Amino acid sequence: MRARAIPVLIILMSAYWFYEGWFDYGVWFAGAPGGGFMPVFSSVLAAIFAVVMLFRPDAVAKTLPMSAFIPVVMVAFALTLSLAVGLLPALTVMLFAWVWLLERYPIAKSLFITACPMLVVYGVFKFWLQVPFPNGMLFGG
Amino acid sequence: MKLSVLRLAAVGLATACLAAPAMAFEPKQDVDMIVPSSAGGGTDLNARTIADIIKRDNLSPVNFQVINKPGGSGAVAFAYAATKSGDDHMLVPIAIGQIISSYALKWDVKGKDMTPIATVANDEFFLAAVKGRFKDAKEAIEAAKGGKITFGSSQKGNSDHLAYLLLNKYAKTNFRYVQFGGSGEVMSALLGGHVDVGLFNPSECIGQVRAGTVVPLASFSAKRMPGELWNQAPTLTELGYPQVIAAETRVVLGPPNMDKDAVAYYEGLLRKVTDTERWKTDYIARNNLTPMFLDSKETAENLAEVIDKRVPIFKEAGF
Amino acid sequence: MYDILALLAHGFAVALTPVNLMYATVGALMGLIVGAMPGIGSLAGVALLLPLTFRLEPTGAIIMLAALYYANMYGGSFSAILLNIPGDSPAVMTAVDGYKLTRAGKAGKALFTAIVASALGGTIGIVILTVMGPLLADVGLRFGPAEMAAVIIMAFTSIGWLLGENPAKGGLSTCLGLMLACVGVDLARGTSRFSFGMPDLMSGISFVPLVIGMFGFSQVMILLKDFRGKGTDQGLAALPAEKLSIRGSLLTGPEFRRILPVVGKSGLLGTFIGVLPGAGATMSAFLCYILEKRTGRNGAQMGEGAIEGVAAPEAGNNAAAAGTFAPLLSLGIPGGGTTAVLLGGLMMWGLTPGPLLFSEKPEFCWGLIASMYVGNIICVAVAIALIPFVTNILRVPVRIIAPAITVVCVVGSYSVDNSYFDILVMLAAGLVGFFLTQFDYPTAPLLLAFVLAPILERSANSAFEISGGSVDIFYQSPIALGFLLVIVAICVSPLAMRAVRRVRRAGRVNG
């Protein structure tokens, strides 16, 4: 059942792409392919393949353990936090929380594990390449 | 975001109550220069040169930090600036093409929402063709009335496109607009004979012009550009089309609702920058720009002129 | 020919001065670091370094920047092979086979292959640049929009060989790439399409965050799925120590002979693609990979962890990096983003790039070309020396490396355009990539379609603008016509072959 999710989602997406391409952007415009040509072309093709996949779902429905989504939750947490304290500090907190709370390393080791990659990131991205990371509201955003 | 707006409002209120009208503005923290294009482009170079001169000549107590926000060909930078309404520590160096795009391409935040501060340089436009293709601009314009002459240029909806529309309208030509990914691709197509004429800034074609492979036919500026490579090319005004004026003017804007004193401060600072010897030799001369300085009031007038008088031509052309 | 040798010898005299050697080394080191960091590519690296070089003497400055540029292609493969995060978009295809080799415990071999292939491919590109740079640039000029459209359509027909075992899945993935590529500018009107009112989408989805998400972030998700809860301190690959040393990484004679023809083919094709206007190292890496998969003796194993799959794209992208210098030096035309920045640099140093550059500043041009030979050797030496150090990262327990990679993915995505939005793109791409790989959909065709579609749309659009809407332009140009005929041949040949085989079999039965 789950193996059909991808074709179904793509059919929905291609329907929207087709609608916009056909009615809003125009397949043909001023005597040449218009902005809708590619959307219509790709969505029709996608729909054909997706229908084929719907009737031939080969993959056995896999169980996807929730642990796979830990990184997504973690990054979402870091992004929310970064609005307040800035991106790099938020990532540092995220990394520490992850290693200490989730992976259950002892606190000293966790601190060390957090420090190593963050030093590289601060050193290369912030100080050498001078990427202007957002500071967050607390520190004069 | 809300917090800082509140705080700013509070500071604003406090200044309004306490300060005498004569109190001048001084930046209290580092100033962000939001460049609406990626690192390495013309606007980026402009911003970095300004920041560097300010730092080296000690023109300001704080640092000017260049931040590239290239998304959406500039729309992202405008949208970002709009969220920082009233921020007195932010500048947006920009090419006028992106201000034109904000109207032609219907961005949410438009050029007039921003606070004009100064105009710092002018990058002229030349109509150019491979040597021998046309005798002069007149011949090219006559030939273009037949509707078969192609005009190589960059993306639609910016100042190149505006120059093209103005030329077609007032010189009654019928050039075919051909868009490319960048001026390098236009030059390739011109040299390879895939397009007949191209629109270039001097720095984009000077190598070819000096080698004699490409000839500038006419300039879109009001006066002929000095220098023996360029002064042979008549302006379109001289050729009888005074409405056809376009250039990639380099402007510095502030976010919406910038404080008047702050505008005055940055305007003065930029005037000092453009007066330095380094600006003139290292930036203007090397990049084949035309020196130009307009203060905030003149910049506002100039922008209004372009936006109100010339930009409507996009609508006429069906945009 | 003698002229060229004499000039080149003069160039070596310039390139081998201690100061210039130092610049090349510094540039190579920085390029390796910048290349290995996801997000910051050669464009940003060169652009950020450029202002610092204005005070240097131009020859030294461009030697440093050029070294940074091509060292990037080496650095990008490091993180692609070790962590499945392409450090730079040209390294996308390297990750496919390279990371599989790493998981099979052959990280050292994969890295060594990448370095050797990069060096040889780059050298092929530089030799071609030396001998026939101006000629090559002229060939590039022959490729107008119609010709480019034909080339890209030909490249599209080759996508079939990337699809994998289940063509419907590969096709679906390709179409998803095409649909995502539609987001951005509507060339016909100049306005934006599928931007959902978001300014960040008005010029399209950025490629680098997409790649970081599809490869790196989805990889982290897979790692957590596979390793979490086991409580082990296992690293990414269980590796015996000797495999990580330089000696364990060296290619054996037969292996070397396996990659040599691959490098030759990819070097030639890559150089040519580098010269084309609007194409670049990323496209070159893709096409060289596909060419090898199609024509190589070991093509069937590519995609499952074959050294050919590392050698082909790496040779291709380095050759393309050399190829882009042909139009830059002989005509003053930048072939891509990075060379456009270098062009700006030339102006700031008071040089005028253009047809006269070679005659006006021979010591500059030949010094640069000679330094590219020297720089390549420096890159090889530095990169090989780094192998034992960087492979140590594989011994770090997955429980530690996964969160660290997550941080790098986020930082890298942000740094491309200084945009929060790109982090969200990366997250979304990671989720999509994760589900696709879990259900055995290949992601490579998606990325290739995403790279090629905009170039095709742009070229076709310009071609139609030139011709005023008539299709004549595609068959009146001999080059375009030639490519279109090849496309027809490619499409028809399997059918024809089948027909011939059937006739033969029928004949045999009857006889």
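Letters go in sequence order (proteins before strands), and every chain restarts at 1. Here the structure is a predicted model, which is why all the values come from computation and not from measurement.
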Trainee: Measure up the C:F435 and A:F69 rings against each other and bin them: parallel (under 30°), tilted (30 to 60°), perpendicular (over 60°).
Mentor: tilted
Trainee: Any non-hydrogen side-chain atom of A:W128 less than 4.5 Å from a side-chain atom of C:I33?
Mentor: yes
Trainee: Measure the shortest side-chain to side-chain distance between C:P403 and A:M74 over non-hydrogen atoms and say whether it is less than 4.5 angstrom.
Mentor: no
Trainee: Counting only heavy atoms closer than 4.5 Å, note whether C:L172 contacts chain A via side chain, backbone, both or neither.
Mentor: both
Trainee: Count the heavy-atom pairs under 4.5 Å between each of A:V120, A:T114, A:L45 and chain C, then report the option with the highest count.
Mentor: A:L45
Trainee: Which bit of C:A453 is near chain A, if near means a heavy-atom gap under 4.5 Å: side chain, backbone, both or neither?
Mentor: both
Trainee: Evaluate the side-chain proximity of C:R193 to A:D24: yes if any heavy-atom separation is below 4.5 Å, no if none is.
Mentor: no
Trainee: Identify which of A:G21, A:P71, A:P117 forms the greatest number of heavy-atom pairs closer than 4.5 Å to chain C.
Mentor: A:P71
Trainee: Answer with side chain, backbone, both or neither: which region of C:S419 has an atom nearer than 4.5 Å to a non-hydrogen atom of chain A?
Mentor: neither
Trainee: Which answer fits A:T92, side chain, backbone, both or neither, if we ask what part of it has an atom under 4.5 Å from a heavy atom of chain C?
Mentor: neither
Trainee: Between A:S82, A:P7, A:G34, which residue shows the highest count of heavy-atom pairs closer than 4.5 Å to chain C?
Mentor: A:S82
Trainee: Between C:V183 and chain A, which part of the residue has a heavy atom less than 4.5 Å away: side chain, backbone, both or neither?
Mentor: side chain
Trainee: Do A:M13 and C:L180 make a side-chain contact, defined as non-hydrogen atoms from C-beta onward lying under 4.5 Å apart?
Mentor: yes
Trainee: Can you find a pair of side-chain heavy atoms, one from C:N461 and one from A:F37, that are under 4.5 Å apart?
Mentor: no
Trainee: Less than 4.5 Å to any heavy atom of chain C: does that hold for the side chain of A:Y25, its backbone, both, or neither?
Mentor: both
Trainee: Parallel, tilted or perpendicular: which describes the rings of A:W28 and C:F464, with under 30° parallel and over 60° perpendicular?
Mentor: perpendicular
Trainee: Relative to chain C, which segment of A:I48 carries a heavy atom at a distance below 4.5 Å: side chain, backbone, both, or neither?
Mentor: neither
Trainee: Give, as side chain, backbone, both or neither, the part of C:M426 having an atom under 4.5 angstrom from any heavy atom of chain A.
Mentor: neither
Trainee: Is it the side chain or the backbone of C:L424 that comes within 4.5 Å of chain A heavy atoms, both, or neither?
Mentor: side chain
Trainee: Using non-hydrogen atoms and a 4.5 Å limit, figure out which bit of C:I222 sits close to chain A: side chain, backbone, both or neither.
Mentor: neither
Trainee: Could you tell me if the side chain of C:Y441 sits less than 4.5 Å from the side chain of A:M53, heavy atoms only?
Mentor: yes
Trainee: Would you indicate whether the side-chain heavy atoms of C:T406 and A:M94 approach each other to under 4.5 Å?
Mentor: yes
Trainee: Who wins among A:V99, A:L87, A:V121, A:L9 for the most heavy-atom pairs under 4.5 Å with chain C?
Mentor: A:L87
Trainee: How about A:V72 and C:M221: do any of their side-chain heavy atoms sit closer than 4.5 Å?
Mentor: yes
